[in-house]
Amino acid sequence: MATNAEASSAFVQQLRHGLQIEQLRRALQDIHAGWQHRELWGTLGLHEVRQRYRRSTLGPFWITLSMGIMVFALGILYGQIFGQVLDEYMPFLAAGFVIWGLISAIIQGGCQSFITAEGIIRQLNAPLSIYAFREVWTALIAFGHNLLVFIVVALWYGITPTLYSLWVIPATLLVVVNGFWMVLFLGLLSARFRDVPLIIASVVQVLFFLTPVIWQPTMLPDRAILLELNPFYHLVEIMRGPLLGLSPSWSNWFPVIIMAVLGWGITLIFYSAYRWRIAYWV
Amino acid sequence: MASISLEHVTVSFPVYASASRSIKNRLIQSATGGQIHPGGGSQKITVVDALRDINLHLRSGDRIGLVGHNGAGKTTLLRVLANIYEPNAGRVAVEGKTVPLFDIHLGMDPESTGYENIVLRGLYLGLTRKQISDHVDEIADFTELGDFLNLPIRTYSAGMQMRLAFAISTAVPPDILLIDEGIGAGDAAFLQKASERLKQFTQQVSIIVLSSHSEILIRQMCNKALLMEHGRVIGSGPIEEVFEQYHILLNPHLK
């Protein structure tokens with residue numbers, strides 16, 4: 001046993017060990033091998049969702065139902081408060097809620113990705129990225145169930161799909177690409193610092209109100225800087241636009257692409273440097 | 001061909017007190033430049049050296065028994081061989097498909113049926129769905145569980161769960177098998193049948209590393225032994241020689 005009084009120097013030491021090209025290669029290899037294990041995490045994700053609703057009558061459609069009730073109640077209330085026409089406001093709110101559900105599930109689940117898997121990580125020789133894949137996958141399964149709420153609302157209020165609606169597919173992909181780096185990055189950070197999930201939970205809550213989900217961007221005078229600088233606005237908007245049949249806007253896509261590039265850059269540095277420590281941390 | 005090679009492998013664990021896992025403490029610490037050390041040692045991270053300078057070369061046909069005290073580093077070594085722990089220093093090269101059988105129940109879900117668990121546990125063992133469906137009948141036969149396999153395994157007795165876990169885990173032999181504390185196999189009637197299967201299974205494995213406190217088990221399954229102490233390998237060779245060294249270590253006055 002040796003006592004290391006200079007904690008930060010141990011940290012720097014680990015960073016130096018991690019920041020080698022060899023470690024970057026291993027990190028990429030880990031993500032690649034994780035994708036090859038998709039049968040495993042695919043099954044785990046399905047099991048996790050089924051597990052949560054097992055022996056209930058509606059099963060996973062409880063996800064749909066609770067989202068439906070939320071959208072309906074808040075739609076009526078805020079439609080009144082903001083004096084909105086429900087024909088327009090309801091589909092906007094439903095789309096926003098469903099998309100926000102996906103983003104917040106990815107972020108909050110991401111914090112737990114390695115922590116909840118601690119028992120398995122120490123026993124299974126699988127690439128660590130499978131736990132990140134699983135987290136993104138379960139968020140997507142829930143998203144699929146929630147999407148039904150939007151479809152019902154859209155049909156009810158007569159939103160007609162346009163050719164622009166097809167943009168929802170690349171938009172979802174781009175959100176998932178962004179979500180994946182968030183899961184890896186936050187999962188890694190949370191495994192080491194256990195109050196990160198708590199901090200993130202409150203940040204996500206604040207972001208929900210700062211991001212136009214229940215309020216419309218047009219309600220904000222002069223398109224305030226608060227809106228343009230909020231990356232989550234752009235994340236939500238690239239998916240919501242096509243869902244509502246609107247044409248994609250470069251001003252939303254561009255920041256999201258930048259976010260993916262920067263996010264992956266930073267995440268790869270951290271994941272290369274500290275991936276090998278995760279098994280020791282959990 | 002399967003092979004394992006470790007060169008100068010060292011593994012040390014930071015043991016984090018809850019204080020050092022908190023960001024607040026880290027921020028305060030960096031703000032003070034690490035110069036102020038209030039009493040209580042809350043800023044200190046204890047580092048435990050679990051493995052020190054391990055050199056190991058294993059080839060096909062090697063069956064290694066790991067012996068040593070609790071905390072000698074046996075489990076850590078198995079985890080390094082499984083590529084779960086990446087060492088702080090040194091080089092690890094493992095050729096061949098490795099399966100760690102530390103807990104044969106790993107991945108079994110009590111709410112799922114026997115058949116679902118065959119798939120789930122099989123995926124955990126690194127098998128593909130194709131491989132699993134090729135073996136599912138053979139596994140079902142071996143367990144003798146019949147229609148129970150359509151019920152959630154939470155309705156099984158402990159012995160029945162053990163049978164199922166054992167049958168799946170020994171269905172497809174890997175190149176390298178890492179075992180911690182042996183593989184249990186349930187009730188006495190089943191034991192005979194299980195030991196047959198275990199024998200067949202292990203014969204097809206190229207390299208086995210078994211960590212156990214049971215000398216009988218090691219004599220049965222292994223052809224070499226390693227003695228570990230304080231994270232080092234202090235003896236290796238034929239089983240009887242290593243056990244002799246181990247007994248002397250346990251009771252120094254016998255010398």
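Chain A is the first sequence line, chain B the second, and so forth, proteins listed ahead of strands; every chain is numbered from 1. Values in this document were obtained by computation on a predicted structure and should not be read as measured data.
- Open room surrounds CH2 on W137(A); 12 or fewer heavy atoms of other groups in view lie less than 6.0 Å from it.
- Rounding to the nearest 0.5 angstrom, the gap separating the CD1 atom in I84(B) from the CD1 atom in I120(A) is 11.5 Å.
- Neither the backbone nor the side chain of L128(A) comes within contact range of chain B; no heavy atom of the residue lies under 4.5 Å from a heavy atom of that chain.
- Only the side chain of H47(A) comes within contact range of chain B, judged by heavy atoms closer than 4.5 Å.
- Within the 4.5 Å cutoff, the side chain of E39(A) has no heavy atoms near those of the K130(B) side chain.
- Taking the side chain as every heavy atom from C-beta outward, L124(A) and L106(B) approach each other to under 4.5 Å.
- Atom NE2 of H213(B) sits in a crowded spot, with more than 12 heavy atoms from other residues, nucleotides or ligands closer than 6.0 Å.
- Atom CZ of R52(A) has more than 12 heavy atoms from other residues, nucleotides or ligands within 6.0 Å.
- When atom types are taken as modelled, the side chain of N125(A) and the backbone of P100(B) share no donor-acceptor pair closer than 3.5 angstrom.
- Proximity to chain A is absent for every atom of T75(B), based on heavy atoms less than 4.5 angstrom apart.
- The neighbour count for Q51(A) CD, taken as heavy atoms of other residues, nucleotides or ligands under 6.0 Å away, is above 12.
- Both the backbone and the side chain of D103(B) come within less than 4.5 Å of a heavy atom in chain A.
- A donor and an acceptor atom, one from each side chain of R129(B) and T43(A), are located under 3.5 Å apart.
- Within the 3.5 Å criterion, the main-chain N or O of E86(B) finds a donor-acceptor partner in the side chain of Y280(A).
- Heavy-atom neighbours of F270(A) CZ from other residues, nucleotides or ligands within 6.0 Å: at or below the threshold of 12.
- A 4.5 Å side-chain heavy-atom check between Y124(B) and Q123(A) finds every atom pair outside the cut-off.
- Remark: I21(A) CD1 is loosely packed, at most 12 non-hydrogen atoms of other residues, nucleotides or ligands lying under 6.0 Å away.
- Applying the 6.0 Å contact sphere to CD of E95(B) captures no more than 12 heavy atoms from other residues, nucleotides or ligands.
- Shown here are the ring pair (Phe, Tyr, Trp, His ring centres under 6.0 Å) partners of H135(B), two or more places apart in sequence or in another chain: there are none.
- The most heavy-atom pairs under 4.5 Å with chain A, out of N83(B), T98(B), V119(B), come from T98(B).
- Listed by first and then second residue, the salt bridge (Lys or Arg N to Asp or Glu O under 4.0 Å) pairs involving residues 132-141 of chain A are E48(A)-R134(A) (not counting sequence neighbours).
- Between the CZ atom of R122(A) and the OG1 atom of T76(B) there is a distance of 11.0 Å, given to the nearest 0.5 Å.
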*asked:* For a side-chain contact (heavy atoms from CB on, under 4.5 Å) check, start with the C-alpha distance between L40(A) and L120(B), then their side-chain angles and the critical distance, and finish with the verdict.
replied: CA-CA 8 Å; L40(A) 176 59; L120(B) 206 54; 5.7 Å; no
